[in-house]
Amino acid sequence: MKRVFTLSEKGWQGSCLQYKWQKTLGNYIAVAGPDNQVKIFDRHGQKKNELNLPGKCVSMDWDKDGDTLAVIADKSSGIYLWDANVNKTSQLDSGMRDQMSFILWSKTGSLLAVGTSKGNLLIYNQQTSRKIPVLGKHTKKITCGCWSSQNLLALGSEDRNVTISNHEGDTIRQTQVRADPTDVQFSVMKTDERASSGESTVSVVVGRKTLFLFNLNDPDNPIELAFQQRYGTIIAYRWYGDGYIMIGFSQGYFVVISTHIREIGQELFQAHNHKDSLTSIAISQSLNKAASCGDSCIKIHDLTELKEMYAIVNLDDETKGLDQLSWTDDGQLLAVSSQRGTLHVFLTKLPILGDTCGTRVAYLTSLLEVTVANHVEGEAPVAVEVEVEPNFIAVGPDHVAVGMNNRAWFYALGENGVEKLKDTEYLGTVASMCLNSDYAAALFEGKVQLHMIEGEEQEVQEDRQTRLFPGRDDKCRILAHALTADFLFYGTDTGVIQCFYIEDWQYVNEYRHPVGVRKLCPDPNGTRLVFIDDKSDGFLYCPVNDSVHEIPSFAPTIKGVLWENWAMDKGVFVAYDDDKVYTYVFHKDTIQGSKVILAGGTKLPFSHKPLLLYNGELTCQTQSGKTSSVVLSTHTFLSSSWKDAPPAELSRMLTQALMLKRFSEAWELCKALNSADSWAELGRACMHHMEVELAIRVYRMVRNVSMVLSLEDIKGIEDQNLLAGHLAMFTNDFNQAQDLYLASSCPIAALEMRRDLQHWDSALQLAKRLAPSQIPFISKEYAVQLEFVGDYVNALAHYEKGITGDNKFQEHDEACQAGVARMSIRMGDIRRGANQAIKHPSRVLKKDCGAILESMKQFSEAAQLYEKGQYYDKAASVYIRCKNWAKVGELLPQVTSPKIHLQYAKAKEADGRYKEAAAAYESARDWDNVIRVQLDHLNNPEEAVRVVRDTQSIDGAKMVARFFLRLSDYGSAIQFLVLSKCNDEAFQLAQQHSQMEVYADIIGSDATMEDYQSIALYFEGEKKHLQAGKFFQKCGQYSRALKHFLKCPNTDDNLAIEMAIETVGQAKDEALTNQLIDYLMGESDGMPKDAKYLFRLYMALKHYREAARTAIIIAREEQSVWNYRNAHDVLFSMYTELKAQKIRIPAEMATNLMILHSYILVKVHVKRGDHLKGARMLIRVSNNISKFPSHIVPILTSAVIECHRAGLKNSSFSFAAMLMRPEYRNKIDLKYKKKIEAMVRRPDTSELEEETTPCPYCGFSLPECELLCPGCKNNLPYCIATGRHMVKEDWSVCPHCDFPALYSQFLALLETETVCPMCSENLSASQVKIISDCSSYLQLDELEH
């Protein structure tokens, strides 16, 4: 709180002062000291006048309007009156003989009450100058009193009585108290019902200890309140609010009580405000504050929140302590007197006057001081001392103006401080003023004067110095005006808003509003203007394009509007009333166009007036002449503390940030929230505000690929309406999108959107206006949808509209015609629809129409359409439904569905046409019925049997079995029972009818072990050993099987022995093996069996070495009885078996096989007429003649003849000489004997030289038929086609037995032969392939031989 002035006069020193503020106005203060004078000072501390009295001032009081001060003094019966308006003093004689002790003006009229020290009373009416003396009102000195608002007078006297009188002085009530009364006051006690009107309670302090409450309406029940001893005596008390009393006690306590009957006697608040003593309390209702003084300080509380200390003022120089405390009625000034005779006046409430220009603020900080500050730009505050208490303040970029009534004083704000420029008088009382850098605009009495501030000396055109608005012809009053850097705006009572461009000195814009405009507030650039009209509605007006937007939820109590001065928040402004600030945002570019939205409200602290808005922070002016900041609740996201806020709070902040278009802050909030919903909200907001680039960033962040691609496609569009249309469509606001598209440069986009959405009604409406050529195509699509939902009438109409008749759109037209066909049928016009469908090229249409007709039970037409569409199955099934069998029969060859064939077959069977029925059943693959018809009706078992065999039908097999049973063909019956998996029945049948062999044959290898055992036991019982053994073997009972096999009699093929060998081979049981070997060796019956069985046994047991030895023996035996081929085959099979088992092949076996093979080749080559090859093989066989003991002579004879033929005369001679030996000579065939003898007698030793070829191992050249290489001593592999040794370059093998052959020779041989000479398997030349790398065969041979 600021001290305005301090008064201390010489005559006052060391004593307490008596003083009174002028009532109502508070412009003067009258002070009386001990020096017989009353001095009057103005509110700035200047002495105005002084009254000299005959004695010390006893009491003084101002009348209710503050016009007259009345004073009474010691030693005088006169009353001194000072008139404040004319500064004159007058004297009035009271006519009282005794000393006056009390004086008080009425609260309502011009009555003055004067009391005397003897208890007499005078009531003086100033208006009529009538005096009413009332003698003996009290018996002792009247000490205190009070007027009520009903003009009742309560008086307290030393006679310990309290009287209540009317304005004539008549006593109405009187009550006695226990001690001296002081401080009488009227008030209203707080009661439940407001029965009494007016102030009906008198309160009085009794003996400085208790508070006595006396109700005029209930005089018999007064209330006396006593307080705690420790509080001390009652110093003073004040009523306030709804029946509350504040009491100050001498010990420094400060207590509040209520007079409500339920709360009476309770302390609502108590504070020990002053440590040593309290001397006075005061309440200001207009400020809503209470003050107490004591010790050397003043403490001020807010009446709404007593616990909070509003201010503390320390007066450290007042060592003697303070005395009285008093406020002016308006609460602006608080006076406190001290016990040493000084008076201090403090400023507690200032008129809230202030103005801004940009971020510069000018505001009243004292009665005669204006402070100019710019906190945003960091300028130091400048105090401007002014000459008068101003009614208005205006500030510009370089000036500040203050003024009152019709005068204004201008000050320049320079770098060197403040300089007073001039004062200007206007033609009327100035209501408000605005400044810019050059001009001032003052509003007075419905006019605005625009004039240069300090341009008179400069070179400015005369007509640009000043101008009065409106012009002379305008019959309107200006109610509000505003000045920006370039424009003057004003609004009139007729609702016209004019914009005057100062640079061109002319009007540039005019807007007519239906009602008067009482307040204007342009933004800093002057491009937007908020105005409030006489109906208290708010609007935002853009002079640039003359658009006006109503401000939503605009309270009628709004006092003013401030625009955001932060450069980035261009569209934000606030509207404020006494309690609240509302934040609005103007969204210029949104999908919905421009609009103003309410972002939120912020509560204003008590008596704060907003001055400046900068980045969400509101600078307010307070009554104490200071500024304070309020952060708008809509801008809480700007504080740095939000990072720790909970998600719900962050979401609320995000919504705020998006409302204010603070996208960078919103981005950070979304990152902190990191939820899909928050990113989606940001994305929607970006699209709403047409921030395409940012929306792409957001949707890329949440990986919404489709939205990113869609936005990328439209981001370059410059047409705002088209862009907004696309964005509205993306946000599913299709009607808005359509309106925007139609307003854009590409209205056809609206049609495309409606088509994509399948909004066909809208699409057709748009197509009529925008693209009539599209109507057929849209009609067709609409028809498809109508057909789908079952609206066939409209679908038909749209299909018909869709036909273009243009060959370019043939496919489209066909689709429409198809629709017409379908809809005609649906509507019941079957003939038209069916004809259309038949004419139409589409098969599918015929099917669809057929299905519709079928559902309508129009079977013949449906079948006809199916048939035309080649849907033969469907056609046939419909013909069946209408029993048209002839048609079904016609269609049957094309029908694939078994179901239809089956239906047809059943129908034919019912008609007794069994052949056709059987054929149809067969087409339907119903084999059981085929078999049934063949057996039961056609008596054709052969066909039935064929079907059963082909299809393996179990039920069919059963039927056939039953058929054969009826014919007593048990073998066939068993066969079919087995086929139908009825093995038990088949077995019983076989048993009954001795058909077990048949059953055993049929059951084959598919039966179970139990089946085999049953058969074996049956044969065992029948003494059929071979069969019994065979089935015991099958069920794994090898010893029983062997027992039966060995019991079998010997036959030529000796099947039993073969089976026994197989059994032992499977059993792998040594005892059984030995038993069989004993049998084969003849040890059990003295008859050795053929060695081949022993060989087979060894093979079955996989005893390959023993088998090999046995094989060699068998081969010898075979050779001895001329069975060379058998001997060859035994050795060959043994060879391949050993090779397969990777067992080394005995050399003897390999040699024997080679010689036998060479012998077999002789016949092959001689038959082919290749005598040389035959001769060479015979030479090899003859050289090993000991291997053929029973064929020595024939072989040698053949050798002689073949060698002779082949020109090998020397070889021929040597074999002929051998034949001439005595043991052979007589055995020679008589045909050749003479020839051979002649050869021996006349020998010809000429010989064809044998060709040489390289060894496949070492490359050594040696004769073709030589099989032992002299170079590397290897046995060489031989060719199975020629018997020659193999050559690497001409290598091939038989694909069956893998024996090598010379590729060229093998092909030559296969020209006449069809089998492999080694393994006798069928072979053709194409199967033989030359082998380029034969190393694997050579290694094998090395390993084996």
Side-chain angles (χ1 to χ4, degrees), residues 1119 1124 1151-1152 1154-1255 1260-1271 1273-1287 1290 1302 1304-1305 1308-1309 1317:
Q1119 274 172 259
Y1124 297 121
T1151 307
N1152 286 357
M1154 181 267 291
I1155 291 162
L1156 281 169
H1157 189 67
S1158 299
Y1159 180 70
I1160 282 164
L1161 284 177
V1162 172
K1163 289 181 179 173
V1164 175
H1165 290 307
V1166 169
K1167 188 174 86 181
R1168 289 178 72 240
D1170 193 340
H1171 296 290
L1172 180 58
K1173 286 183 185 136
R1176 292 272 183 226
M1177 290 301 100
L1178 275 168
I1179 291 169
R1180 183 182 292 165
V1181 171
S1182 302
N1183 287 342
N1184 292 283
I1185 199 69
S1186 62
K1187 299 268 194 296
F1188 304 90
S1190 51
H1191 266 64
I1192 293 173
V1193 174
I1195 289 169
L1196 289 175
T1197 306
S1198 301
V1200 170
I1201 293 161
E1202 285 303 316
C1203 288
H1204 190 77
R1205 275 188 189 167
L1208 304 176
K1209 303 285 176 54
N1210 193 23
S1211 298
S1212 180
F1213 165 72
S1214 64
F1215 294 129
M1218 203 185 285
L1219 275 174
M1220 288 299 111
R1221 288 179 188 170
E1223 64 263 34
Y1224 306 139
R1225 192 167 188 166
N1226 297 328
K1227 294 177 186 170
I1228 299 171
D1229 192 335
L1230 294 173
K1231 267 197 293 187
Y1232 306 117
K1233 196 171 182 182
K1234 281 197 169 115
K1235 270 188 186 175
I1236 292 167
E1237 285 171 349
M1239 269 183 210
V1240 174
R1241 288 192 194 107
R1242 289 185 298 281
D1244 182 354
T1245 55
S1246 66
E1247 180 96 25
L1248 256 176
E1249 186 73 30
E1250 188 175 355
E1251 286 183 29
T1252 61
T1253 50
C1255 162
F1260 182 88
S1261 285
L1262 69 157
E1264 279 178 327
C1265 292
E1266 184 59 63
L1267 297 182
L1268 182 71
C1269 173
K1273 301 292 185 282
N1274 271 325
N1275 279 325
L1276 305 186
Y1278 55 89
C1279 165
I1280 57 171
T1282 62
R1284 297 171 182 170
H1285 72 75
M1286 288 300 290
V1287 177
D1290 197 18
L1302 293 164
S1304 52
Q1305 298 297 333
L1309 177 73

Roughly how far, to the nearest 0.5 Å, is [atom2] of [Y] from [atom1] of [X]?
X	Y	atom1	atom2	value
M1177	L1172	CE	CG	9.5 Å
Y1232	S1198	OH	OG	7.5 Å
M1154	N1184	CE	CG	6.5 Å
L1156	L1161	CG	CG	11.0 Å
S1212	M1239	OG	CE	4.0 Å

Q.
Is there a side chain to side chain contact (heavy atoms under 4.5 Å, CB included) between L1309 and R1168? Walk through the geometry before answering.
A. CA-CA 9 Å; L1309 177 73; R1168 289 178 72 240; 3.8 Å; yes
Applying side chain to side chain contact (heavy atoms under 4.5 Å, CB included), can you list everything that pairs with [X], at least two apart in sequence or on another chain?
X	answer
E1250	R1176, P1263, E1264, C1265
L1219	V1193, L1196, T1197, V1200, Y1224, I1228, I1236
P1222	none

Nearest heavy atoms of [X] and [Y], plus distance in Å:
X	Y	answer
C1269	F1260	SG-CB, 4.0 Å
V1240	A1217	CG2-N, 3.9 Å
P1270	L1262	CD-CD1, 4.1 Å
L1248	A1206	CD1-O, 3.3 Å
C1255	L1276	SG-CD2, 3.8 Å
Y1278	G1283	CB-O, 3.9 Å

Q.
With side chain to side chain contact (heavy atoms under 4.5 Å, CB included) as the criterion, how do N1275 and L1268 come out once you've worked through the C-alpha distance, each side chain's angles and the decisive distance to 0.1 Å?
A. CA-CA 5 Å; N1275 279 325; L1268 182 71; 3.5 Å; yes
**Q.** Residue pairs fulfilling salt bridge (charged side-chain N to carboxylate O under 4.0 Å, His left out) with at least one residue in residues 1204-1213, sequence neighbours excluded
**A.**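 Residue pairs with at least one partner in residues 1204-1213: E1202-R1205, K1209-D1244.
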Q) Which salt bridge (charged side-chain N to carboxylate O under 4.0 Å, His left out) pairs, counting each pair once, include a residue from residues 1221-1233, with sequence neighbours left out? A)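 Qualifying pairs: R1225-E1237.
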Taking the side chain as every heavy atom from C-beta outward, state whether [X] and [Y] have any atom pair closer than 4.5 Å.
X	Y	answer
I1160	P1317	no
I1195	V1162	no
I1179	L1208	yes

For [X], enumerate each residue passing the side chain to side chain donor-acceptor pair (under 3.5 Å) test, keeping only those at least two apart in sequence or located in another chain.
X	result
S1158	R1180
T1253	H1285
E1247	S1211
H1204	none

Q: Would you please name every residue forming a salt bridge (charged side-chain N to carboxylate O under 4.0 Å, His left out) with D1170, sequence neighbours left out?
A: K1173
Q.
Checking K1167 now: which residues fulfil salt bridge (charged side-chain N to carboxylate O under 4.0 Å, His left out) with it, not counting sequence neighbours?
A. E1313
(Q) Walk me through whether L1178 and C1203 qualify under side chain to side chain contact (heavy atoms under 4.5 Å, CB included). (A) CA-CA 8 Å; L1178 275 168; C1203 288; 5.7 Å; no
(Q) Filter on ring-ring contact (aromatic ring centres under 6.0 Å, His included), then keep only pairs touching residues 1158-1183, sequence neighbours left out; what's left? (A) Y1124-Y1159, Y1159-F1188
